[in-house]
Amino acid sequence: HMYQQTWVRTCIERIASACAKLDPEVMGTAEPRIARAIKTSPNQYMTWPSFLKRCATIYYNDTNLFIVPAYKPGTDTVTGIYPLRPSSVEIVEYEGEPWARFTLFTGEVFVIELRNVCIVTRFQYESDFFGDPNNLDATLNLLHSQEEAQKQAIVDGASIQFIATGNGSMRPEDIEAKRTQFTEANLSSANKSGLMLVDSTFADVKPLSLQNWTIPSEEMARIENSVFDYFGINRKILQNDYNENEWDAFYEGCIEPFSVALGEGLSHMLYTMRERPKNRIMFSANRLEYSSAASKRNMNRDMLDRGVITINDARQILQLPPIPGGDVFIIRGEYKLAHSIDE
């Protein structure tokens with residue numbers, strides 16, 4: 001499985017950890033119970049960070065993320081939403097309505113109306129509903145082959161220490177006996193003298209210089225970059241060595257598309273078609289959290305006294321806790337509306 005490969009797991013974990021910091025928000029007034037649930041937790045077992053991290057991990061590993069609701073017994077009241085990773089899923093029709101039939105890894109099968117399932121996909125091409133599988137086999141095979149070759153080279157280099165030329169011709173069994181005798185007499189712990197003696201059987205005995213077997217850096221970089229390109233991530237993001245512009249690029253390329261797709265999918269699942277135009281679920285992030293101190297200062301200076309953000313919004317940008325009475329807008333007194341100047 002590709003998640004067992006170190007570079008793949010590192011990339012997915014970094015993306016999923018960033019997605020875990022997204023904030024769920026509800027727009028609109030329909031279904032207040034949904035708004036209350038969104039503000040607390042997605043279900044009774046998971047917090048929003050763990051839910052989002054799980055969703056992103058499934059999404060990037062399986063290219064298909066399924067989220068299903070749980071209902072209060074005997075009603076259609078949603079009590080929670082759960083990410084699902086089935087072993088297989090298919091669309092079946094019953095009484096003119098499409099249903100999703102899930103088979104879990106335990107062998108259990110259950111069905112649910114397709115309209116009540118949130119489906120978020122990558123690489124959706126062949127199917128009208130599902131994304132195509134990941135296509136990293138060639139790169140993963142190269143990584144595996146390189147690792148195995150390096151292991152074998154190290155084993156071979158460590159096991160062969162000397163090379164010798166025999167005098168004349170010997171039978172195979174004599175060669176084996178002489179090799180064993182030479183090893184026991186000279187290379188085992190029984191030789192405490194530090195002196196090596198060789199009889200006339202061997203014309204020449206030379207130690208092999210141990211070599212540091214490593215993969216060429218250019219080849220390794222090419223393979224690693226194939227993984228990075230596939231997930232749209234780079235080494236700086238993995239090593240937390242980025243600036244605010246590099247973080248913005250990572251957010252817009254990886255995190256934001258996932259958050260938009262997830263929000264739209266949950267909105268489609270939890271709201272009716274009539275409710276959706278004015279009611280939706282979305283996920284946002286404090287992108288200024290990764291900005292420099294100067295950028296944060298400029299944002300507060302330019303936006304606070306113009307009534308764009310509140311005092312607590314400004315404190316949040318500086319990663320400070322909110323204060324009582326801080327949810328107010330401030331406008332500098334010398335500003336006037338253009339049309340009121342004559343008045």
So, the side chain of [X] versus the backbone of [Y]: is there a donor-acceptor pair under 3.5 Å, distance only?
{"X": "Gln124", "Y": "Asp128", "value": "yes"}
{"X": "Thr77", "Y": "Lys72", "value": "no"}
{"X": "Glu252", "Y": "Ala249", "value": "no"}
{"X": "Arg14", "Y": "Leu238", "value": "no"}
{"X": "Arg315", "Y": "Pro321", "value": "yes"}
{"X": "Asn234", "Y": "Phe228", "value": "no"}
{"X": "Glu13", "Y": "Thr10", "value": "no"}
{"X": "Asp305", "Y": "Asn300", "value": "no"}
{"X": "Glu113", "Y": "Arg115", "value": "no"}
{"X": "Asn64", "Y": "Thr121", "value": "no"}

How are the rings of [X] and [Y] set relative to one another: parallel (under 30°), tilted (30 to 60°) or perpendicular (over 60°)?
{"X": "Tyr251", "Y": "Trp247", "value": "tilted"}
{"X": "Phe258", "Y": "Tyr59", "value": "tilted"}
{"X": "Tyr82", "Y": "Tyr45", "value": "tilted"}

Looking only at heavy atoms, what is the nearest atom pair of [X] and [Y], with distance?
{"X": "Leu52", "Y": "Leu22", "result": "CD1-O, 3.5 Å"}
{"X": "Ser259", "Y": "Glu256", "result": "OG-O, 2.8 Å"}
{"X": "Met46", "Y": "Ser41", "result": "O-CB, 3.5 Å"}
{"X": "Gly307", "Y": "Phe329", "result": "O-CD2, 3.1 Å"}
{"X": "Pro83", "Y": "Leu65", "result": "CB-CD1, 4.3 Å"}
{"X": "Ile67", "Y": "Cys55", "result": "CD1-SG, 3.9 Å"}

Just verifying a value: how many Å separate [X] [atom1] and [Y] [atom2], rounded to the nearest 0.5 Å?
{"X": "Met282", "Y": "Glu25", "atom1": "CE", "atom2": "CD", "value": "5.5 Å"}
{"X": "Cys19", "Y": "Ile12", "atom1": "SG", "atom2": "CD1", "value": "11.5 Å"}
{"X": "Asn279", "Y": "Arg274", "atom1": "CG", "atom2": "CZ", "value": "11.0 Å"}
{"X": "Arg101", "Y": "Glu90", "atom1": "CZ", "atom2": "CD", "value": "4.0 Å"}
{"X": "Glu246", "Y": "Glu244", "atom1": "CD", "atom2": "CD", "value": "10.0 Å"}
{"X": "Phe51", "Y": "Asn43", "atom1": "CZ", "atom2": "CG", "value": "7.0 Å"}

Residue pair [X] / [Y], side-chain heavy-atom distance below 4.5 Å:
{"X": "Tyr71", "Y": "Asn116", "result": "yes"}
{"X": "Trp48", "Y": "Pro42", "result": "yes"}
{"X": "Ile91", "Y": "Leu114", "result": "yes"}
{"X": "Ser87", "Y": "Thr103", "result": "yes"}
{"X": "Asp313", "Y": "Leu304", "result": "no"}
{"X": "Thr63", "Y": "Asp132", "result": "no"}
{"X": "Gln316", "Y": "Asn312", "result": "no"}
{"X": "Asp302", "Y": "Val308", "result": "no"}

task = Applying ring-ring contact (aromatic ring centres under 6.0 Å, His included), run through Phe123 and Tyr230 and close with a yes or a no.
result = CA-CA 12 Å; Phe123 311 125; Tyr230 191 82; 5.8 Å; yes
Can [Y] be reached from [X] by stepping across I, L, V, M, F, W or Y side chains whose heavy atoms are under 4.5 Å apart?
{"X": "Trp99", "Y": "Val68", "answer": "no"}
{"X": "Ile81", "Y": "Val260", "answer": "no"}
{"X": "Ile112", "Y": "Leu104", "answer": "yes"}
{"X": "Phe130", "Y": "Val92", "answer": "no"}
{"X": "Val109", "Y": "Val117", "answer": "no"}

request  = Assess whether atom OH of Tyr125 is packed by more than 12 heavy atoms of other residues, nucleotides or ligands within 6.0 Å.
outcome  = no
message = Does atom CG (Asn245) have a neighbourhood of more than 12 heavy atoms from anything else shown, all under 6.0 Å?
response =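 For Asn245, atom CG is crowded (more than 12 foreign heavy atoms under 6.0 Å).
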Validation row, ring centre Phe250 to ring centre Tyr242 under 6.0 Å =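 No, ring centres 6.0 Å or more apart.
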ask   = Could you walk me through whether Phe66 and Val120 pass the side chain to side chain contact (heavy atoms under 4.5 Å, CB included) check?
value = CA-CA 7 Å; Phe66 303 99; Val120 186; over 6 Å; no
task = Start with the C-alpha gap between Lys278 and Met27, add the side-chain angles, then the distance that decides, and say whether side chain to side chain contact (heavy atoms under 4.5 Å, CB included) holds.
result = CA-CA 7 Å; Lys278 295 183 179 180; Met27 301 178 62; over 6 Å; no
ask   = Between Trp7 and Ser226, is a side chain to side chain contact (heavy atoms under 4.5 Å, CB included) present by the stated rule, with each step listed?
value = CA-CA 10 Å; Trp7 281 115; Ser226 296; over 6 Å; no
task = Take Ile15 and Ile233 through the test side chain to side chain contact (heavy atoms under 4.5 Å, CB included) and record every step on the way to the result.
result = CA-CA 8 Å; Ile15 297 172; Ile233 197 171; 4.1 Å; yes
key: Asn225 side chain to Arg235 side chain, donor-acceptor N/O pair below 3.5 angstrom   =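 Result is no, nothing qualifies.
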